[in-house]
A.B. asks: 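Attaching a single structure in structure tokens format; questions to follow.
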Amino acid sequence: MGEVIVVTSGKGGVGKTTTTANVGTGLAKLDKKVVLIDTDIGLRNLDVVMGLENRIVYNLVDVIEGNCKIKQALIKDKRYPTLYLLPSAQTRDKSAVKPEEMKQLCEQLKPEFDYIIIDCPAGIEQGFENAVAGADRALVVTTPEVSAVRDADRIIGLLEAHEMKKTDLIVNRLRMDMVKTGDMMSSEDVVEILAINLIGIVPDDEGIIVATNNGEPLVGNDTKAGQAYMNICKRIIGEEVPFLDLNAKKGFFSRIFGRK
Amino acid sequence: MNGSVMIKGSKNGITLVLSETEEYDVLKSKVEKKFKDSAKFLGNAKTAISFEGRKLTEEQKEEMIKIISENTELEIVCVIDGSEEGNAKFAEAVEKKINEMTGANARIYKGNLRSGQSLESDAGLIVLGDVNPGAGLISKGNIIVLGSLRGTAWAGAGGNENCFVICSDMVPMQIRIADIIARSPDHKDKKDVRDIKIAYLEKESIVISPLSKEIISGLVLCYTSSVTLKRDTFPSPGRAFSITKKGLEYFTKFSIIYIRVFYNYGILYCKIETRKYLFASVIRNT
């Protein structure tokens with residue numbers, strides 16, 4: 001039986017979609033059968049980040065409304081054969097889907113996949129209700145900014161109200177140089193406020209922007225962010241992995257050859 | 001007297017009334033005899049046939065037509081079919097024809113279509129503006145975009161494979177023509193120049209090429225023509241008809257087949273017309 005994981009944050013722009021794409025791709029790299037579901041109806045993005053936009057024929061709403069079979073709507077990833085995407089509809093809005101229907105959909109997908117990862121829209125309205133309805137587990141993404149942490153706190157409260165079995169935290173876009181000068185909250189500060197299990201810290205990385213624009217998740221490559229995402233994947237499947245040393249300076253040679 | 005086979009004549013052609021109880025082989029020989037006897041009387045007309053009284057399979061119908069053509073001078077060009085299945089097939093074929101006919105009319109839209117917006121038309125579609133990624137055009141006819149097509153476009157959404165998409169800047173996410181889908185390549189060709197291009201269907205795949213004079217001259221547009229006819233032109237309401245092989249040869253010899261679909265007093269009619277003959281049927285009475 002597969003596990004349904006919802007990636008949520010409350011605040012927009014903290015990296016839910018990027019996290020979904022990278023965690024999903026990472027799990028597929030670890031030979032897991034994964035399906036990503038974009039529940040951001042009307043503002044779909046996950047297909048773009050995955051570089052699969054041009055393959056969309058049917059979408060989530062088509063599946064829910066019975067216009068097509070689930071299999072017809074699932075898009076196979078171009079790199080990993082065990083990775084699939086169920087894209088969202090662009091011409092509809094959140095009210096096109098009900099939480100009960102999402103729950104049913106997740107139940108239908110569970111026997112087929114090891115992990116079902118749901119990309120939640122920003123906000124706490126219907127879209128959020130839909131996304132968390134069928135989830136067994138949540139990944140809360142936040143950046144080390146007061147506003148993002150505030151919203152993450154609100155979301156964690158709502159997840160508790162939904163009796164989410166497991167909720168883990170990802171601190172995204174951390175800049176060690178700023179933490180050192182005291183201009184940014186550290187991951188410890190964030191964890192102290194939110195008081196949930198930290199499953200990963202992803203450093204700020206220009207590579208993410210490039211990867212997003214090219215539609216190729218960078219998980220597992222030799223950038224810090226790529227490694228951080230891979231570590232999150234390993235922790236999701238239950239491996240014990242130490243946190244990355246984000247303080248490590250770039251070596252002289254690697255700086256010249258542009259590695260690490 | 002022999003009542004198991006009867007030939008009735010009307011201005012639509014002949015109706016063959018067959019007994020339901022008789023053995024088929026016996027019936028066949030009776031039909032043969034009947035037509036042999038009345039060959040002189042029937043003459044050498046080109047006509048339509050309909051069957052009554054007995055359900056016949058397609059093969060049996062063809063056999064009957066064969067018997068008729070062997071024993072008389074008649075040429076059966078068309079079978080009028082009263083069965084529900086036949087009528088459904090007929091309606092479907094007509095529906096397809098209607099879709100093909102919409103190619104010549106178009107809805108014109110001025111403005112940019114942004115992500116999440118879509119434009120649908122039962123006729124063709126002309127957009128004066130850009131179509132961005134996430135936006136879509138759906139047309140039963142042709143699509144012309146005077147701007148950049150970056151989203152999706154579906155021409156011939158009713159199934160017409162002759163439809164095409166023309167854009168002044170062709171960089172679509174997806175193009176569909178009838179039931180065929182093509183997606184953009186995963187890696188954009190940077191050398192590709194901005195040019196007026198056309199997408200059309202060739203052998204079940206979508207071809208995109210610069211719009212040359214040769215291609216324009218090869219395009220097929222279907223026109224609707226409005227026809228008004230008197231009601232009594234339609235003597236067999238609700239009935240589908242099919243053209244026999246002979247009939248097709250005959251029609252194509254004249255090289256003119258008009259298949260027209262039109263409304264008249266809330267009734268949808270289909271009419272097939274050659275220079276000499278006219279076959280018409282009511283499709284839907286709304």
Side-chain angles (χ1 to χ4, degrees), chain A residues 12 17 21 25 38-62 65 67-68 71-81 83-97 119 121-122 127 210-217, chain B residues 109 111-121 125 127 130-139 143 145 148-159 165 167 169-190 192 197 199 201 204-206 208:
Chain A
T17 302
T25 308
D38 189 353
T39 57
D40 203 346
I41 303 166
L43 287 169
R44 71 176 180 210
N45 274 150
L46 188 54
D47 51 311
V48 181
V49 176
M50 294 295 293
L52 300 173
E53 191 182 8
N54 57 4
R55 288 164 169 76
I56 298 175
V57 177
Y58 294 111
N59 57 51
L60 176 67
V61 178
D62 287 323
E65 290 181 349
N67 301 332
C68 71
K71 282 232 165 80
Q72 288 177 294
L74 291 181
I75 301 169
K76 197 172 187 174
D77 185 65
K78 50 187 173 187
R79 295 156 294 257
Y80 300 99
L83 181 59
Y84 292 82
L85 170 70
L86 179 54
S88 158
Q90 186 70 345
T91 51
R92 306 292 293 273
D93 61 61
K94 309 291 191 269
S95 62
V97 174
D119 186 20
V210 179
T212 302
N213 289 342
N214 292 340
E216 307 217 353
Chain B
Y109 177 85
N112 296 332
L113 282 161
R114 300 183 183 281
S115 184
Q117 296 175 328
S118 72
L119 212 55
E120 289 182 28
S121 169
L125 205 48
V127 177
D130 293 344
V131 180
N132 283 352
L137 304 175
I138 301 174
S139 161
I143 293 175
V145 179
S148 292
L149 174 63
R150 304 189 193 96
T152 62
W154 186 2
V165 180
C167 311
D169 185 22
M170 180 80 88
V171 278
M173 197 64 74
Q174 255 179 22
I175 282 197
R176 296 191 210 182
I177 294 173
D179 300 326
I180 309 292
I181 303 181
R183 63 169 172 81
S184 67
D186 286 324
H187 300 284
K188 291 248 151 61
D189 188 356
K190 280 182 184 152
D192 210 13
K197 289 203 180 92
L201 212 52
E204 306 244 310
S205 63
I206 291 172
I208 294 180

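From a predicted model like this one, the values you see are computed outputs, not experimental measurements. Each chain gets a letter, A, B and so on, in the order its sequence line appears, and its residues count up from 1.
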A.B. asks: Donor-acceptor pair, distance only, cut-off 3.5 Å: does the side chain of A:Asn54 make one with the backbone of B:Ser184?
C.D. replies: yes
A.B. asks: For A:Lys76, does the NZ atom have more than 12 heavy-atom neighbours from other residues, nucleotides or ligands under 6.0 Å away?
C.D. replies: no
A.B. asks: Taking atom CZ of A:Arg79 as the centre, does the number of heavy atoms from other residues, nucleotides or ligands within less than 6.0 Å exceed 12?
C.D. replies: yes
A.B. asks: With only heavy atoms counted, which part of A:Val48 is less than 4.5 Å from chain B, the side chain, the backbone, both or neither?
C.D. replies: neither
A.B. asks: Heavy-atom distance under 4.5 Å to chain A: side chain of B:Pro185, backbone, both or neither?
C.D. replies: backbone
A.B. asks: If you compare all heavy atoms of B:Asp186 against all heavy atoms of A:Gly51, which two are closest, and at what distance to 0.1 Å?
C.D. replies: OD1-O, 4.2 Å
A.B. asks: Do the side chain of B:Gln174 and the main chain of A:Ile56 share a donor and acceptor less than 3.5 angstrom apart?
C.D. replies: yes
A.B. asks: Does B:Asp179 have more than 12 heavy atoms from other residues, nucleotides or ligands lying within 6.0 Å of its CG?
C.D. replies: no
A.B. asks: Does the side chain of B:Thr152 come within less than 4.5 Å of A:Glu53's, by heavy atoms?
C.D. replies: no
